[in-house]
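Contents: one structure, followed by commentary.
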Amino acid sequence: MDKYEQVIELAKRRGFLWNSFELYGGTAGFYDYGPLGSTLKRRIEQIWREAYVIREGFMEIESPTIGIEDVFVASGHVGGFSDPLCECKDCGEAFRADHLVDKIVAVADALSDKELDNVITENNIKCPECQGELGKTYEFNLMFRTNIGPGNGRTGYMRPETAQGMFVNFLRLARFYREKLPFGATQIGKSYRNEISPRQGVIRLREFTQAEAEIFIDPNDKKHPEFSRFADKEVSLYSDDAQEREKVEKMTLGEAVENGTIAHEFLAYHIGLTDHFLQRIGITADKMRFRQHKKDEMAHYAIDCWDAEIETDRFGWVEVVGIADRTDYDLKAHAAISNTELSIYREYSEPRMVTQFVVKPDMGKLGPLFKSKAKDAANALKSLSREELEQENITIMVDGEAMTVPRDVVKFAEETVKISGENIIPHVIEPSYGIDRIFYATMEHAFEEEMVSGKEDSEEEKRIVMKLEKEVAPVQVAILPLLTREELIIPAKEIEKQMKDRGILVSYDDSGTIGRRYRRNDEIGTPYSITIDYDTLEDNTVTIRDRDSMKQVRTPVEGIADIVYEMIYGNRKFESAGQAL
RNA sequence: GCGCUGAUGGUCUAGUGGCUAUGACUGGGGCCUUCCAAGCCCUAAACCCGGGUUCGAAUCCCGGUCGGCGCACCA
């Protein structure tokens, strides 16, 4: 059994991850999060919220998981994401049908599937691999398509990323943030891609959870006001160049910006934030790196893109976060399709006086002369130069006809005007997290097997322990009466209530021996176990056991929920929680 | 989607054309038990689905589903 198998086996058995629809045989690409899995996932998402929503101030929004066609036409998902595929009937190899004929037809990518089939048949094109016969061309689009409303309702698609929900709300968001760059919005939610053959458990799903931030920044100022927070942070960078040499480089983010490895401060800041986040939820620092997209793999609209990658036992380096500078591509695309200007007015630090040549047609005179064509005439006049306007009789083209107008229908002058700002289209910095992959990596990195000696004279035995960060552990404390006896159960239940009142997720367990219960909790990563014994009845103290060290301290019951809370969320060390045993 | 390969209680697993389908762990109930998977008793729980061959299929054949690996795909 490799580590992946061990982790998945435990995840299934203990209620972290289940194959969806198992009752009916299951379907590839879908997973259920069980009771502990949902809780762990939510805790990871909550820390993400803390980092992005609370700390960065990028408020969370929620948009539909179904989108209308226009949105994905603009985003490029309808056209660009639908490739004509064609398979060999003999060897089964799949090819891009348009690529097969692009030497024969100039506009191969503009042909319909039928036309492609015709070209293939007419030119007797065979499988490039085995010379076998080719099947019919079909469109393969990775979006799930659906209908909105009954009958021939509007076409809709399950969103392939949450990002578009933020882009289409750009103007509303800009207003919400009082038109000041930079601002950002975030969204945590499900996205859908109809993968051809999903594999690798939760690494490639058809329905998955993304946490994305779209940060709108000034295209002329990609510095970050708080860059000092991460400037000295050392990260593992696998840049385009470094990939050529196959050598990951460690450097501080400050250096990386300085020497041009990372395009600019804003991107570097977010690489720092991602590094910080992943380690906080328990990803091992030396199993992490940032890999830069190579020039040829980068999406055409991005100018720099870094993936956070995590090393896993079976799958090697897995991409879990993409941090891209998407420039103004998305806003421009939506502006074009929606016919709406998606820009923001930016005031200059001080107004600029600009001298310009201004033409003012006299509409009172042009009206009677040109009637309904007066507006065209005015526009024609505006496009003339000073020299042309200074002629005694001015010649203009109106509706394809040359006309002559007297000089007094138009006034013109050099004017100095005050310009206090301009409309700019912000650039977008996008950190995009794949939560399910991060979830798996968190479990794998927390998973440990160790040999421990149990009772005296007994042999060493294997202990499986999930060393989850205390903050993400689904069950936070276990309440264990040492023996299944009424007099111990009563105070145990009271402590359980104290914990619940403090908002701590507690698991009460009185079945089986104490050792068995400790191990059960080790396996699900419960950081602390509280045991109630006969001394409790004497002096109202209990023991707290630390998951990782298996050490115990003795602590008064009074106020114990606060102590546990401080150990999980605060800085309190286990050793300070009571008297060491 | 193609090729190879596999599928037996919750988990891991034995097994074979023919008895009531093996075992361990786990779970539940109980006895016992004063801190790390102890012991004893009881108990629950499985042959992936559909067809075919056969007197008889969990076993053989075909198809499907799911998993793994390789190829392709991963905007």
For the side chain of A/Met550, counting heavy atoms from C-beta on, which of B/A37, B/C36, B/C35 is nearest? B/C36
Counting side-chain heavy atoms from C-beta on, which of B/U33, B/U11, B/C36 comes nearest to A/Arg13? B/U11
Should the side chain of A/Arg314 and the base of B/G68 be counted as holding a donor-acceptor pair, with the cut-off at 3.5 Å? no
Nucleotide of B/G3, B/A38, B/U34 approaching A/Tyr534 most closely (side-chain heavy atoms): B/U34
Nearest listed nucleotide, side chain of A/Glu9, among B/U26, B/C74, B/U11: B/U11
For a quick check, tell me whether the side chain of A/Tyr24 and the base of B/C49 share a donor-acceptor pair closer than 3.5 Å. no
A/Arg547 (side chain) donor-acceptor with A/Leu468 (main chain) under 3.5 angstrom: yes
For A/Arg463, answer base if it contacts any base atom (sugar-phosphate contacts may also be present), sugar-phosphate if it contacts only those atoms, and nothing otherwise; contact means non-hydrogen atoms under 4.0 Å. nothing
With a non-hydrogen cut-off below 4.0 angstrom, is A/Gln6 in contact with a base, only sugar-phosphate, or nothing? nothing
Does A/Arg204 contact B/C73 through a side-chain donor or acceptor facing the base, at a distance under 3.5 Å? yes
Distance-only donor-acceptor test (3.5 Å): side chain A/Arg517, base B/C36: no
Given B/G10, B/A75, B/C35, which nucleotide is nearest the side-chain atoms of A/Leu482? B/C35
Could you check which of B/G68, B/A38, B/G70 has an atom nearest any side-chain atom of A/Tyr4? B/G68
